[in-house]
Structure formats: C-alpha cells, structure tokens
Amino acid sequence: MSTADATLGDLTRRQLHNLCRVVEMDRTDPLRLLGEVLGAARDRPLVQPPLWPSDIADDATPIEFSVQVDGGGERHLRILAETLPAAPGPAANLRAAQDLVTALAERYDLALDRLRAVEDLFSPEEPQGRFSWWFSFIFDSDGRPRFKVYFNPEVHGADHAPKVVQEAFNRLGLDGAHPTVADHALRREADRLTFFALDLDSGPQSRVKLYVSQHDACIDDVERAASAVPGIDRDQVGDFCRTLAPGAERFPGRPLVSSYSFVEGDREKPSNYSIYLPLRDYVPDDSVARERVRRHLRDHRIDPVLLDEVIGALTDRDLAARAGLLAHVSLRLSPDRTGTTIYASAEAYGGTAPEN
C-alpha cells in the first residue's frame with residue numbers, strides 16, 4: 001500500500017504492533033480493540049482531514065499511546081481513544097461510546113454497576129464541551145485488557161461541573177471525596193474539573209478517579225494538591241516538575257493536571273495522586289524532551305532505553321524538528337510505590353503545530 005493510500009488504522013496498527021514488541025506482550029487483544037475503538041475513523045485515508053476534531057491529541061488524532069512503568073520495572077501499555085461514528089457530532093459520539101460499552105461488556109465481562117449508577121449524569125441529550133465519553137485500554141504483560149471510561153464533567157456546561165461531580169461521588173458512596181479535592185486542588189478560579197473516570201472491573205483496587213486541570217499553576221499549587229493523599233512525599237511532585245521543566249516555577253501554557261484515585265475503603269481521602277506535565281509546552285523540541293525524560297527515568301531507577309524504544313516504535317522523524325511526540329509525562333504516587341507513564345502522540349495528522 002502506498003503512503004497516499006494509508007489510513008488512520010494502517011498507521012496506528014503498525015505503531016501499536018511495534019509498541020507491543022517493546023513491552024514484550026501478545027498483540028491479539030490490543031490490535032483487535034484498536035480497530036474497534038477507532039470506529040468510522042479507522043479506514044479514513046490520512047490524506048483527508050480528521051473525521052472529527054478530537055481533543056485526544058493536538059492534531060485531532062483520536063488515539064494516544066502510553067507506556068507505564070512501575071517502581072519495580074513492570075511495564076503496561078495503554079491506549080486512550082475516542083470512538084467515532086460515520087456522521088460524528090456531540091450526541092452521535094456519545095451514542096457510539098455507549099454502543100461500544102455494550103459490545104465490550106459481554107465479551108470481557110465488564111463490571112458496569114458503577115457506570116450504570118452515574119451514566120445519566122454524563123449523558124445529556126445535547127452534550128456540551130469537547131467530548132462526552134473517552135476510553136482507556138490498559139494491557140498487562142500478557143496483553144489482557146482492563147478498561148476505563150472517562151466522562152466529561154462539563155458535559156452540561158462548565159458551571160454545572162462541580163454539582164455533577166459531587167452527585168457522582170455521592171452515588172458511589174464517596175460523599176467526602178469532593179470536599180477533599182476542592183480543598184486541595186480546586187482553590188483557585190483557574191482550577192477546573194477535567195475528567196471523572198471509572199475502572200470497569202470489580203475488586204478492591206478498582207478505581208474512581210477525578211482529574212483537575214490547574215491552569216497557570218505554580219509548583220506550590222500541585223504540591224498542595226498532592227498532600228490530599230496521606231503518606232506520600234509531596235516534594236517528589238516539585239522534583240518531577242523541575243526535572244522536566246527546569247527553571248519553571250509557574251506553568252502558563254497547557255495546564256498541569258492533578259488526579260486522585262479512590263478505591264475500596266476510601267471515603268474522603270484518596271489512595272493515589274498523579275501529576276501530569278504537558279511536556280510539549282515546556283520544551284523547544286522533542287530532542288530536549290527526550291533528554292529530560294531520560295533524566296527523570298534514571299532518577300527513578302528506570303532504564304532510559306525504554307524511552308528510545310517507545311519513540312522508535314512510533315516514528316523515525318527528526319526529534320529536533322518540533323515538540324509534541326512526547327506529549328506529556330506523569331508521576332504516580334501512593335504511600336508504598338511510585339510509577340511513571342510516558343504519553344506519546346501518533347502524529348497521524350502532523351502532530352503538534354510549531355509555535356510561530
């Protein structure tokens with residue numbers, strides 16, 4: 001097949017095939033799920049513009065890849081995606097997402113009790129905002145998937161987001177969760193509720209997650225956000241930011257994002273905090289991004305060769321040409337372990353546009 005005939009499915013399938021090799025796992029389920037979640041966008045030629053202006057990636061690619069490494073060195077591959085129908089639009093996209101849940105639930109025996117408890121809150125007839133539902137597929141070393149759905153707290157409008165999130169927590173038995181998050185990460189007008197997410201599996205570690213975008217934040221703001229989790233070292237958050245964005249005490253570009261995970265037994269205090277740094281806004285190009293991420297990985301005793309394997313799985317372009325391939329990096333903190341996740345763009349439609 002010529003480059004001119006290549007589709008979004010062709011490109012992302014090849015990239016995913018390569019990433020499966022990097023993490024040394026079976027590719028059967030990942031490739032099958034990739035094709036399903038791409039929906040109508042899968043067979044669209046890349047010479048045509050994106051089917052829908054998805055907010056998953058800067059260039060509207062409705063897929064993002066990431067590789068997570070735990071403190072012990074265990075690797076997990078992840079796909080974040082927005083599924084699209086042939087005639088996309090806010091309401092049609094929501095229906096396509098709901099249909100995908102139905103299709104996957106029976107095959108993978110998904111636990112949908114919590115989703116059913118809150119889905120009406122995130123499923124209006126006329127959805128607002130940039131998306132309604134997104135999906136995350138997380139694959140273990142054998143290629144077996146776990147599923148997570150992301151809801152848009154602003155689906156009824158930004159002004160309604162706090163009430164929607166509070167009600168969702170209440171329905172899930174987490175009445176004290178929203179006040180905790182509000183006290184630590186929603187203290188400024190620039191702090192904004194971004195995602196409400198559910199793991200679609202059962203078990204004591206199945207998560208309810210809330211993400212907060214902290215626009216124009218200082219390091220002190222995200223360190224305070226991290227202090228909501230008992231027993232973690234908030235100073236690691238500052239160290240993380242200073243390693244990836246040296247010299248930056250404030251982040252005026254794409255925002256830092258704080259997330260909290262609540263699992264069985266949690267009511268008010270989360271068990272986990274993660275900080276997400278949108279690296280592409282704080283580097284001149286991906287060659288600099290690569291060096292900073294390698295430094296972070298070494299500091300956390302993770303072999304930095306992994307980063308080069310991930311890059312090589314996705315592209316052979318000149319990293320110095322622009323920023324955006326390494327979209328963001330996250331640090332996950334809990335009392336007994338840490339983890340790092342590297343998020344990389346497929347760059348199907350040209351990647352992040354360079355600054356003028």
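These numbers come from the heavy atoms of this one structure, side chains and all, not from hydrogens, waters or symmetry mates. Source: prediction; values computed, not measured.
- The aromatic rings of Phe196 and Phe169 lie perpendicular to each other, with more than 60° between the two planes, well past the 30° mark.
- In this structure Tyr273 satisfies the side chain to side chain donor-acceptor pair (under 3.5 Å) test together with Ser258, sequence neighbours excluded.
- Between Asp285 and Arg280 there is no salt bridge, since no side-chain nitrogen of the basic residue lies less than 4.0 Å from a carboxylate oxygen of the acidic one.
- Salt bridge Asp220/Arg250: absent, no basic N to carboxylate O contact under 4.0 Å.
- With sequence neighbours excluded, no residue forms a ring-ring contact (aromatic ring centres under 6.0 Å, His included) with Phe65.
- Checked for salt-bridge contact, Asp113 and Arg116 miss the test: no charged N lies under 4.0 Å from a carboxylate O.
- Shown are Phe151, Phe135, Trp134; of these, the ring-ring contact (aromatic ring centres under 6.0 Å, His included) with Phe195 is made only by Trp134.
- Salt-bridge check for Glu36 with Arg107: passed, with a basic side-chain N closer than 4.0 Å to an acidic carboxylate O.
- Ionic pairing of Arg242 and Glu249 is present here: one or more N-O contacts between side-chain nitrogen and carboxylate oxygen are shorter than 4.0 angstrom.
- For Arg332 and Asp70, the salt-bridge test passes: some basic side-chain N is under 4.0 Å from an acidic carboxylate O.
- A salt bridge links Arg254 with Asp58: at least one charged nitrogen is closer than 4.0 Å to a carboxylate oxygen.
- Less than 6.0 angstrom separates the ring centroid of Tyr211 from the ring centroid of Tyr150.
- Under a 4.0 Å N-O distance rule, the pair Glu167/Arg171 qualifies as a salt bridge.
- Ion pair Asp29/Arg144 not flagged as a salt bridge, since none of the NZ, NE, NH1 or NH2 atoms sits closer than 4.0 Å to an Asp/Glu carboxylate oxygen.
- Grouping the Ile, Leu, Val, Met, Phe, Trp and Tyr side chains by contacts below 4.5 angstrom, directly or via other members, places Val222 with Ile232.
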